[in-house]
Amino acid sequence: MNTPRQELEARVARAVAALFSSPPLGPYVRPCPDTRHGDFQTNAAMVHGRTSQRNPREVAEELRAALDLDGIAEPAEIAGPGFLNFRLSSDYLNRQVTERWDDRRLGVAGVARPETVVIDYSGPNIAKEMHVGHLRSTILGDALARIYTFLGHNVIADNHLGDWGTSFGMILLGYKREGNAEKLELDPFGHLETIYQKIQAEAKADETVREAARHELVLLQQGDPVNRALWEKFLHFSIAALEMMYQRLGVQFDHQLGESFYNNMLAGVVKEMIEKGIARPSEGAIAIFSDGKLPPRDDPFLIFRKEDGESEGRFVDNPILIQKSDGGFNYATTDLATIRYRHDHFKAERVLYVVGAPQQMHFRQIFNAAERWGYGMMRLEHVAFGTILGPDKKPFKSRSGENIKLRALLAEAEERAGRIVGEKRPELNDHERVALARVVGLGALKYADLAQNRTLDYVFSWDKLLAFDGNTAPYLQNAYVRIRAIFRKAGLAEAEPAKVHLTEPAELALGRKLLDFADSIFLAAEENRPHFICNYLFELATLFHKFYELCPVLTSEAAVRSSRLLLADLTAKTLREGLQLLGIDVVEQM
RNA sequence: GCUCCCAUAGCUUAACGGAUAAAGCAGCGGUCUUCUAAACCGCAGAGUGUUGGUUCGAUUCCAACUGGGAGCGCCA
């Protein structure tokens with residue numbers, strides 16, 4: 001099922017092709033920013049008027065004559081410098097609302113060519129409790145996984161756990177000194193973190209401690225049975241604790257292949273990179289350098305540098321290390337092994353890395369290296385997002401210990417929501433109140449993160465993350481609830497088939513909006529920005545609330561009543577589906 | 001120093017090269033005998049950091065600058 005925009009786009013493109021010899025310069029059709037002008041507009045006449053050096057209003061006149069809008073819109077109006085404005089015909093509108101209501105997918109077409117897309121998100125460290133810093137990747141990645149799945153892609157959600165690497169030398173050493181199996185089982189993160197912080201402080205002051213930690217790491221990497229067993233224990237309990245957190249968040253993965261999974265592939269990767277001439281020894285380590293194929297400015301392996309006293313700068317090497325001088329491997333090595341695995345094993349055509357913006361340079365290098373390595377057929381994309389800042393506008397530092405734990409954030413969200421629920425619905429028992437607070441609190445938390453452009457940094461604030469007014473999840477959930485209340489009162493589970501006939505401005509506006517659901521999803525997927533869906537749902541809910549104020553449903557006469565019931569039902573289903581795509585639940589009452 | 005990201009109303013944000021820049025919060029004033037007031041209506045509030053350029057048209061593209069942030073060889 002096409003959206004009105006797609007349908008109009010196709011018709012304009014057809015008319016343009018008939019009129020002009022120049023290649024298509026679309027997309028042409030977009031929603032009118034101001035609905036007073038119409039529902040949709042095209043700038044095709046202005047665009048093609050320019051290339052043919054003609055008066056755009058004249059061109060618009062020709063275009064209008066050539067346009068076939070039969071069955072979709074009123075005759076187009078020419079306005080301003082040469083816009084054609086379209087107003088959807090009421091027949092089309094009524095029919096489209098009905099068709100969407102009748103469609104399990106609410107009119108959202110799947111993609112023509114499904115792809116196998118690996119989405120790499122969350123990626124917590126198994127020795128550390130999840131904190132606000134993990135929130136964005138987890139929430140955003142989960143939403144993208146849901147969106148891509150809904151569009152028909154073959155999604156592989158993969159949690160690339162930080163379960164390997166230098167810090168484990170420290171942790172092993174610390175655990176051997178004062179570890180406690182019981183504490184580990186009860187609170188793996190708390191225990192490991194305590195140990196880590198303590199041993200780190202010691203290591204700072206004492207070279208022999210640093211040396212001992214390095215030794216433990218080497219033992220682990222060489223497969224020493226004692227260290228290996230300990231590490232597996234850390235992993236086991238940590239994953240169990242993570243699992244609980246993900247369950248609470250409503251986030252799922254298809255795989256949790258952490259860094260350790262790739263460990264035995266790393267030596268092979270390095271060997272191959274050397275053989276292919278992509279990597280070479282440098283200062284005792286193995287590093288990947290520029291192949292000189294890109295302009296220096298665009299080459300991630302070159303960096304412009306001007307030393308003190310030099311009058312002109314020059315490009316110098318900016319390599320990545322894939323093997324340290326002590327023989328150990330780096331995360332770049334793991335990332336490369338992971339790319340190969342995802343290609344060979346999952347047959348991935350695309351990989352989305354939902355990772356913070358500070359790692360941009362790293363991914364540019366990795367993607368460039370992967371291409372040279374022979375994986376250029378894969379679309380590798382860094383879905384970067386901004387940093388959560390502290391009150392001082394500097395990133396929350398994990399060292400300082402003032403990181404807000406995700407657990408605390410969730411608890412606070414539920415508690416705040418619980419207080420509001422208690423006020424609004426004093427008749428609920430404890431169990432009901434807690435269950436409701438969970439959905440509302442978690443929804444607000446997720447929505448706050450998803451509703452804004454992911455590239456922006458933001459200052460952490462309880463009030464902001466847990467807002468329940470305005471453009472928030474509770475506002476959308478409330479719109480859903482109000483619709484469900486109508487159906488409850490009517491004694492219906494959902495609307496019955498009916499002839500849709502929209503007449504009031506409020507119901508026309510709502511009906512028109514309902515047809516655009518798919519456009520918001522396409523846009524969100526195209527840009528990997530779920531906030532387009534948030535914007536859409538907020539507008540939809542706002543229009544519904546207006547409709548609700550002005551257009552009585554149950555007390556209207558039969559034909560109007562059944563038409564409005566259907567319109568309300570489609571709104572509810574669209575809200576529910578849209579929120580679902582964001583990982584947010586709805587409730588029947590709140 | 002170089003690269004990348006960011007700059008829109010008091011605050012937080014939106015705007016897929018187009019029309020009079022759109023919301024939320026906060027502020028002020030209204031609306032519950034009628035489908036849940038977690039709602040709705042109204043008022044007030046910016047000309048998009050600066051300077052140029054491209055364009056019929058720029059918050060959007062380009063250049064320079066200012067301010068903020070991040071990254072730049074053996075952590076991830």
Side-chain angles (χ1 to χ4, degrees), chain A residues 27 30-34 36-37 41 43 46-47 49-50 55-56 79-83 85 123 125 162 164-167 259 282-287 297 300 302-308 310 313 315-321 323-326 328 330-332 334-335 356-362 364 384 386-387 389 393-395 420-421 423-425 440 451-453 455-459 461 463-464 467-472 474-475 477-479 481-490 519 523 526-527 531-532 534-535 538-539 542 545-546 548-550 552-555 568 589-590:
Chain A
R30 34 165 277 156
C32 284
D34 186 336
R36 280 173 302 185
H37 294 126
Q41 63 178 216
N43 60 359
M46 279 125 79
V47 169
R50 172 165 51 209
N55 179 339
F83 289 109
N85 288 327
N125 195 308
W164 201 248
T166 315
S167 56
E259 291 165 350
S282 167
E283 297 173 28
I286 308 291
R297 282 180 69 102
L302 291 177
I303 194 165
F304 195 83
R305 187 150 285 169
K306 194 159 82 176
E307 306 290 345
D308 291 341
E310 278 181 79
F315 281 96
V316 298
D317 285 319
N318 180 41
I320 45 170
L321 302 187
Q323 185 161 20
K324 298 188 280 189
S325 49
D326 69 2
N330 303 68
Y331 76 129
T334 310
D335 280 352
Q359 294 201 42
Q360 219 145 184
M361 172 76 91
H362 168 72
R364 283 180 58 215
T387 308
L389 309 174
K393 303 229 173 175
K394 301 230 158 128
I420 297 175
V421 169
E423 275 172 40
K424 310 266 180 197
R425 302 281 308 282
V440 173
Q452 74 176 6
N453 184 335
T455 57
L456 293 170
D457 292 347
Y458 67 79
V459 176
S461 129
D463 288 339
K464 191 185 168 185
F468 297 97
D469 297 316
N471 183 5
T472 63
Y475 179 83
Q477 288 166 327
N478 182 239
V481 160
R482 292 178 107 183
I483 300 172
R484 296 308 300 157
I486 296 174
F487 283 91
R488 229 179 4 261
K489 180 140 186 181
D519 286 333
L523 203 53
E526 207 170 295
E527 309 248 331
H531 86 274
F532 288 118
C534 297
N535 288 171
F538 180 64
E539 286 167 14
T542 303
H545 283 302
K546 286 181 185 168
Y548 184 88
E549 296 287 330
L550 298 169
V553 176
L554 297 178
T555 53
Q589 299 181 46
M590 68 189 275

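Proteins come first, then strands; the chains are lettered A, B, ... in the order of their sequence lines, and each starts at number 1. Treat the numbers as computed from the prediction; the structure is a model and nothing was measured.
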Centroid under 5.5 Å and tilt under 30°, Phe83(A) to G18(B): no
Pro33(A) vs Gln41(A) side-chain heavy atoms within contact, under 4.5 Å: yes
Nucleotide nearest Lys546(A) when distance is taken to its side chain, options C40(B), G73(B), G18(B): C40(B)
Any Lys424(A) side-chain N or O less than 4.0 Å from OP1/OP2 of A38(B): yes
side-chain contact (heavy atoms from CB on, under 4.5 Å) partner of Thr542(A), chosen from His545(A), Glu539(A), Lys546(A): Lys546(A)
Atom P, compared across U33(B) and G27(B): separation rounded to whole Å: 25 Å
Sugar-phosphate, base or nothing in reach of Glu526(A), heavy atoms under 4.0 Å: nothing
Whether Tyr331(A) and His362(A) hold their rings parallel, tilted or perpendicular, with breakpoints at 30° and 60°: parallel
C1' atoms of A9(B) and A23(B), separation to the nearest Å: 11 Å
Touch class at under 4.0 angstrom, heavy-atom based, for Phe487(A) against every strand present: nothing
Distance-minimising heavy-atom pair for Asn330(A) and Lys324(A): OD1-CG, 3.4 Å
Nearest-angstrom distance from the residue atom CG of Asn318(A) to P of C74(B): 12 Å
Whole-angstrom distance between C2(B) and A63(B), as gauged at atom P: 15 Å
For atom CE of Met361(A) and atom P of G71(B), their distance in whole Å: 11 Å
Helical stems, RNA chain B - three or more consecutive Watson-Crick or G-U wobble pairs below 3.5 Å: B:1-7 with B:66-72, B:10-13 with B:22-25, B:27-31 with B:39-43, B:49-53 with B:61-65
Value rounded to 0.5 Å, distance of CG in Asp469(A) from CD1 in Ile420(A): 7.0 Å
Same-atom distance (C1') from C25(B) to G53(B), integer angstrom: 38 Å
Glycosidic class, syn or anti, of C25(B) using a 90° window around 0: anti
Distance in angstrom units between Ile486(A) CD1 and C35(B) P, rounded: 10 Å
Interatomic distance where OH belongs to Tyr548(A) and P belongs to C32(B) [whole Å]: 15 Å
Sugar-phosphate, base or nothing in reach of Asn85(A), heavy atoms under 4.0 Å: base
Protein proximity profile, nucleotides 4-17 of chain B - base contact B, sugar-phosphate-only contact S, no contact -, cut-off 4.0 Å on heavy atoms: S-S-----SSSSB-
Nearest-nucleotide pick for Phe304(A), side chain only, options being C2(B), G73(B), U36(B): C2(B)
Touch class at under 4.0 angstrom, heavy-atom based, for Ser461(A) against every strand present: nothing
C1' spacing across the pair C11(B) / U54(B), given as an integer number of angstrom: 35 Å
Touch class at under 4.0 angstrom, heavy-atom based, for Pro552(A) against every strand present: base
Touch class at under 4.0 angstrom, heavy-atom based, for Thr166(A) against every strand present: sugar-phosphate
Donor-acceptor side-chain pairing of Thr455(A) and Asn453(A) below 3.5 angstrom: yes
Spacing of Asp317(A) atom CG relative to C74(B) atom P, expressed in whole Å: 15 Å
Separation between the C1' atoms of A26(B) and G10(B), rounded to whole Å: 8 Å
Proximity to the side chain of Val440(A) - top-ranked nucleotide from A37(B), G18(B), A38(B): A38(B)
Nearest to side-chain heavy atoms of Val481(A), which nucleotide of C35(B), G71(B), U36(B): U36(B)
Residue mapping more 5' on RNA chain B - nearest nucleotide basis, Ser282(A) or Val421(A): Val421(A)
From CD (Glu259(A)) to CG (Asp335(A)), nearest 0.5 Å: 8.0 Å
Interatomic spacing from CZ in Phe315(A) to CZ in Arg297(A) - rounded to 0.5 Å: 6.5 Å
Under 3.5 Å between N/O atoms: give me all the protein pairs with nucleotides 25-29 of chain B, atom names plus distance.
none

Tyr475(A) side-chain N/O to C40(B) phosphate OP1/OP2 under 4.0 Å: yes
Minimum-distance nucleotide (side-chain atoms of Glu259(A) versus A76(B), G24(B), A38(B)): A76(B)
Straight-line distance of Arg482(A) CZ to Tyr548(A) OH, nearest 0.5 Å: 5.0 Å
Distance, rounded to the nearest Å, where Arg36(A) contributes CZ and U20(B) contributes C1': 7 Å
Heavy-atom closest contact (Lys393(A) atom, Leu389(A) atom, distance): O-CD1, 3.8 Å
Sugar-phosphate only, base, or nothing, as touched by Tyr331(A) at under 4.0 Å among non-hydrogen atoms: base
Separation of the C1' atoms in A21(B) and A15(B), to the nearest angstrom: 7 Å
Inter-residue atom distance Phe487(A).CZ - Leu554(A).CG, 0.5 Å rounding: 8.5 Å
Spacing of His545(A) atom NE2 relative to U31(B) atom C1', expressed in whole Å: 16 Å
Touch class at under 4.0 angstrom, heavy-atom based, for Gln589(A) against every strand present: base
Evaluation steps, side-chain contact (heavy atoms from CB on, under 4.5 Å), between Val316(A) and Leu302(A): CA-CA 6 Å; Val316(A) 298; Leu302(A) 291 177; over 6 Å; no
Check: A19(B) base within 3.5 Å donor-acceptor of Gln41(A) side chain: yes
Nucleotide nearest Thr542(A) when distance is taken to its side chain, options A38(B), G71(B), C40(B): C40(B)
Within the 6.0 Å centroid threshold, strictly below: His37(A) and Phe83(A): no
Side chain of Lys324(A) - closest among G73(B), C75(B), C40(B): C75(B)
Nucleotide nearest Asn330(A) when distance is taken to its side chain, options A38(B), A76(B), G73(B): A76(B)
Gap in Å between the two P atoms, one belonging to A19(B) and one to A58(B), rounded: 10 Å
Sugar-phosphate, base or nothing in reach of Ala479(A), heavy atoms under 4.0 Å: nothing
Glycosidic class, syn or anti, of G47(B) using a 90° window around 0: syn
RNA chain B: 5'-proximal contact among Phe315(A) and Thr472(A) (nearest heavy atom): Phe315(A)
Arg488(A) CZ - C35(B) P separation (whole Å): 13 Å
